[in-house]
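What follows is a short report on a single structure.
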Amino acid sequence: MKNEIMTKGYEPKDVEDRLYEYWEKNNLFVADARSDDDPFCIVIPPPNVTGTLHMGHALNNTLQDILCRYKRMKGYNVLWQPGTDHAGIATQNVVEKDLTSKGTDRHAVGREKFVGMVWEWREKYGGLIINQLKRLGCSCDWTRERFTMDKGLSEAVREVFVSLYEEGLIYRGDYIINWCPRCHTALAELEVEHEETESHLYYIRYPFEKHDGHLVVATTRPETLLGDTAVAVNPEDKRYKDLSGANVLLPVLNKPIPVIFDKYVDTEFGTGALKITPAHDPNDFEIGNIHKLERIKVIDEDGKMNGQAGPYEGLDRFECRKRILDDLDEAGLLEKIEPYRNAIGHCYRCKTMIEPLLSKQWFVKVSPLAEEAMQAVKEGKTRIHPANWETVYFEWMKNIRDWCVSRQIWWGHRIPAWYCRECGEVSVAKVEPSNCKACQSDNLVQETDVLDTWFSSALWPFSTLGWPLLTRELKTFYPTSALVTGFDILFFWVARMMMMGLHFMGDVPFKDVYIHALVRDAEGKKMSKSKGNVIDPLVIMDEFGTDAFRFTLAAMAAQGRDIKLSEERITGYRHFVNKLWNAARLVLINLDSKGNLKVNERIYSLPDLWILTRIGQVSEDFSRAIDEYRFNDAAGLCYDFVWHEFCDWYLEMAKQGLYGADQTLRDSTMATAQEVLTAALKLLHPFMPFVTEEIWQKLPETRGSIMTAKFPEPADFASDEDSIEKMGLLMGCITGIRNIRGEMNISPSTRVKVVLDVHQEDEADVLRDNLGHIQALAKAEEITIGFGIPKPEGSASVVFGHNQAHVVLKGLLDFEQERERIRKEIVKIEKDISASNKKLSNKGFLKKAPAEIVAKVREKVETLSIKLTKLNQNLSFFEAIDD
RNA sequence: AGGCACGUAGCUCAGGGGGAGAGCACUACCCUGACACGGUAGGGGUCAAGGGUUCAAAUCCCUUCGUGCCUACCA
């Protein structure tokens, strides 16, 4: 690969797969649990096995990869722990869909066989997302890949479940779930589609038990009134303040139920009186809990009215609604009906209306765990970046409710609880018990529910490192260094990892949490398949190359902001990749001169010193930015440095040395160019792993992979603070001359005569020493330098610092145009000066502003005044001339 | 409804109390021996509106308008 001629443009396709293979083959991603180096560990947010790479993954994993590659080069012992999540419902759905297309379903297949089929599916397709992560360049230690349902992690899950149960932190209780009466399954919130539906609001009279009159209640679901156990009103509501202790009679059933007071009730809505059906409405369930109301289930798992429904038993819930309305009307209890629109939950699969149903579920009692988790962030053991997310975290932790961890699906960790068929005793154990601990019966049956997928995800930072075994990995890498994730799963996942980590490891799971932006489409909408607005990262990578794509994501990942991805922006960064490639090409083409330069022979020209000083500064700023998770700043630093300093100025000036006859100068220039290019490659490697590695391996003085190279530090480079100012003078001079050329429309091929009227000896020296550069970059010839040289006839002038450059344009100069140019400049400067003078004449400013600010403004006025004087002189010079 | 963000150049976005910035697009001139995915120069903004704090506000505070997201959804 060495010394191979580089192609004119960078072709990512030829490079990416080959280099990724090279890294993997050389075990460059593999972490060493026995190393004494400082550890740096990130656990990947495990993508669903059913997942395909989307923009969210791309951003999330690019940022993690940047951190990992950076830390490796900084000498850390890096472990990026990868793996996938079994994603209970999502995965089960994929296989069920397959069964449906074959005209069968999971119930026909049976549990055991069905679960077997899911495993088969996972074997076959579960690696898709992993390969896509590799395509993105992720440097995960794939030798340690884990799965939330593999043997070790399943053991961790059981261990945790049993411990929490034994500590009394897991219990079984009643809960309202979303039930589909047609599919016969509970649905997660995510699987419920809320649809705006035309409906009705029924006003029903509930007569008072002890006196005349009635309370009117508004409801959209009259059939549930059979299960009412109270009517609630707001305690602030003056209309109902006398009803304390009163009962009303439940219509149809004529059963007395109490009137209760609860702030939850909205006085503005309906009549301000709310019927409470704890067994069939989630909110009513909550209120029922607070007021210790009886829960009466009147609808069964088929959506039919049960024995508690009295005369309506056996009716379908919708049929029952009709009948009950008729009966109410007949009894004079139906006051009115209003049309109403509301969002009703439907089954995402069969569109059947969801029935909120009371059932027994398993819960984790989270408040003691949450308290610890909150404390850890307050004490700074875990820091959340950007910090404003800490508020959100605290808010949620404060209002946390017990966590319902049971799910009525088949794919997942089956809850390790066994019921005795003889006596009903519940045994929770790591391994299946042979006998009931109460009655010794061996007639046991295991709980059919599985655990919420987030239960195993909550253990991820330590279960992947080998827990419950006390492995070396655990010792070396726990607590992990950073967690990188989107805010959408701050609660689902981050908070729960905090709780579990603290509880079972006695320490936080990670020291830093970096919350990154969400990638949205051009309209700012969340990308989703149903909206059809997804941009496929793989398509982008094919079109633009992985490096350009990654760089774009990083450059746009400003903290806490959403990213609206635009292809134009990616195009811009693809150009940047190409620019880097061609800078390297320039260096490589001139390698004939890499030479036998001895260290003490090396010459440091002003541009050399300047660019070396700059790369040192940039290295420092870059590291600080990454350490503070300011990815966009780090990206911007590299971009500006490589393009606008290294390429635009340094390499252009280097050509002087490269194409000249002086061998030592050529060798020195090449030495600096190579040194800076190499350093820039290292800075950019975390962002653009492929192109940087490819160039690295073509450079003659590099060995192995750039991945193992030492990251640049300011101390690595020759440094000269003065070079910054001197170079500024030189650049100002060149820019000034170019400015005139541009404005006057002088063809680039035309060489111009330049007279430099200089103010100070030391500045004159700088310009004299770099005459060649001025000639080359400003396309000048015959440069004269002197003090107080009069403005030559037919010249346009520009002021830089305290100096002037007169560009002699005899014959080419349009006097009117030049007058106009100067006037324009004068107006601008006068405005600037007067603004500054206004500040300086403000006593408050002089008194209260920091001295350095005042000095700066003074200096500015001084500089601008000199410039103004010179401009005015030049203007009068031209005004004296008749066209 | 509540909470949290955000309104900066035509577009996509940085910046964040003391000189309005970048990329793309646009204009002019250039295929100059790394790169036309390039070079040089240029045009373009009341930093949403109004008020306040301050010597100084695009930046901090308040209000309004607009946009987006997250919760909760009104029975």
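Each chain gets a letter, A, B and so on, in the order the sequences are listed, and its residues count up from 1. Everything numeric here is computed off the predicted structure, so don't read it as measured data.
- The distance between atom CG of A:Asp633 and atom P of B:A22, rounded to the nearest whole Å, is 16 Å.
- The gap from the P atom of B:A1 to that of B:U27 amounts to 47 Å, rounded to the nearest Å.
- Residue A:Val392 is out of contact with every strand shown, counting any heavy-atom pair closer than 4.0 Å.
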Would you give a per-nucleotide map of nucleotides 36-46 of chain B, 5' to 3', where B means the base has a protein non-hydrogen atom under 4.0 Å away, S means only the sugar-phosphate does, and - means neither? SBSSSSS----
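- OP1 or OP2 of B:A34 has at least one side-chain nitrogen or oxygen of A:Tyr659 nearer than 4.0 Å.
- At whole-Å resolution of the value, CG in A:Leu651 and C1' in B:C35 are 11 Å apart.
- A:Lys856 comes within contact range of no nucleotide atom at all, as no heavy-atom separation falls under 4.0 Å.
- Applying the salt bridge (charged side-chain N to carboxylate O under 4.0 Å, His left out) criterion to A:Glu236, with sequence neighbours excluded, gives no partner residue.
- As rounded to whole Å, 7 Å separates atom C1' of B:A22 from atom CZ of A:Arg569.
- Atom pair A:Ile853:CD1 and B:A57:P shows a separation of 14 Å (rounding to whole Å applied).
- The same atom, C1', is picked in B:C30 and in B:G66; the two are 45 Å apart, to the nearest Å.
- To the nearest angstrom, C1' of B:G19 lies 13 Å from CD1 of A:Ile829.
- When distances are taken from the side chain of A:Asn745 to each of B:A22, B:G19, B:C29, the shortest belongs to B:C29.
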What pattern of brackets, bars and dots sums up RNA chain B from 5' to 3', given Watson-Crick or G-U wobble pairs under 3.5 Å, [ ] for crossing pairs and | for another strand? ((((((((.[[[[.)..(..]]]].(((((.......))))).....[[[[[..)....]]]]])))))))....
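- Atom C1' of nucleotide B:G3 and atom CH2 of A:Trp389 are separated by 11 Å, given to the nearest angstrom.
- Here, B:G18 and B:C70 have their P atoms 34 Å apart, quoted to the whole Å.
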Show the atom names and distances, to 0.1 Å, of all donor-acceptor pairs under 3.5 Å that link a side chain in residues 730-739 of chain A to residues at least two apart or in another chain.
from: A:Thr735; atom 1: OG1; to: A:Met731; atom 2: O; distance (Å): 2.7
from: A:Arg738; atom 1: NE; to: A:Leu777; atom 2: O; distance (Å): 3.1
from: A:Arg738; atom 1: NH2; to: A:Leu777; atom 2: O; distance (Å): 3.4

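- Residues in residues 638-657 of chain A take part in these salt bridge (Lys or Arg N to Asp or Glu O under 4.0 Å) pairs, two or more places apart or across chains: A:Arg614-A:Glu645, A:Glu652-A:Lys655.
- One C1' atom belongs to B:G51, the other to B:G15, and the distance between them is 25 Å to the nearest Å.
- When the options A:Trp581, A:Phe551, A:Phe641 are evaluated for a ring-ring contact (aromatic ring centres under 6.0 Å, His included) with A:Phe576, the one that passes is A:Phe551.
- Backbone-only contact: A:Asn283 has heavy atoms under 4.0 Å from sugar-phosphate atoms and none from a base.
- Across B:C47 and B:A58, the matching P atoms stand 7 Å from one another, rounded to whole Å.
- Within residues 836-851 of chain A, the residues that place at least one heavy atom under 4.0 Å from RNA chain B are, in residue-number order, A:Lys839, A:Asn842, A:Gly844, A:Phe845, A:Lys848, A:Ala849, A:Pro850.
- A salt bridge does not link A:Lys828 with A:Glu825: every distance from a Lys NZ or Arg NE/NH1/NH2 to an Asp or Glu carboxylate oxygen is 4.0 Å or more.
- Rounded to an integer number of Å, the gap from CE of A:Met556 to P of B:C11 is 15 Å.
- With sequence neighbours excluded, the residues satisfying ring pair (Phe, Tyr, Trp, His ring centres under 6.0 Å) with A:Phe622 are A:Phe687, A:Phe711.
- Separating the P atom of B:U59 from that of B:G7 is a span of 11 Å, rounded to the nearest Å.
- Salt-bridge annotation for A:Arg821 and A:Glu818: present, with a side-chain N of the basic residue lying under 4.0 Å from a carboxylate O of the acidic one.
- Comparing B:A5 with B:G43, their P atoms are spaced 38 Å from each other, to the whole Å.
- The separation of B:G50 from B:C11, taken at their C1' atoms, amounts to 28 Å, rounded to a whole angstrom.
- Looking at residues two or more places apart in sequence or on another chain, you find no salt bridge (charged side-chain N to carboxylate O under 4.0 Å, His left out) involving A:Asp262.
- Remark: C1' of B:U12 and CG of A:Leu553 are 14 Å apart, rounded to the nearest angstrom.
- When each of A:Lys275 and A:Val857 is assigned the nucleotide of RNA chain B bearing its nearest heavy atom, the one mapping closer to the 5' terminus is A:Val857.
- Every residue was checked against the side chain to side chain donor-acceptor pair (under 3.5 Å) condition with A:Tyr240, not counting sequence neighbours, and none meets it.
- The residues A:Arg221 and A:Glu223 are annotated as salt-bridged, a charged nitrogen and a carboxylate oxygen being separated by less than 4.0 angstrom.
- Among residues two or more places apart in sequence or in another chain, the salt bridge (charged side-chain N to carboxylate O under 4.0 Å, His left out) test is passed with A:Asp832 by A:Lys860.
- Residues satisfying the side-chain contact (heavy atoms from CB on, under 4.5 Å) test with A:Leu840, not counting sequence neighbours, are A:Asn837, A:Phe845, A:Leu846, A:Val854, A:Val857, A:Arg858, A:Val861.
- Residues passing the salt bridge (charged side-chain N to carboxylate O under 4.0 Å, His left out) test with A:Arg569, sequence neighbours excluded: none.
- Note on A:Thr571: nothing from the nucleic acid sits closer than 4.0 angstrom, heavy atoms only.
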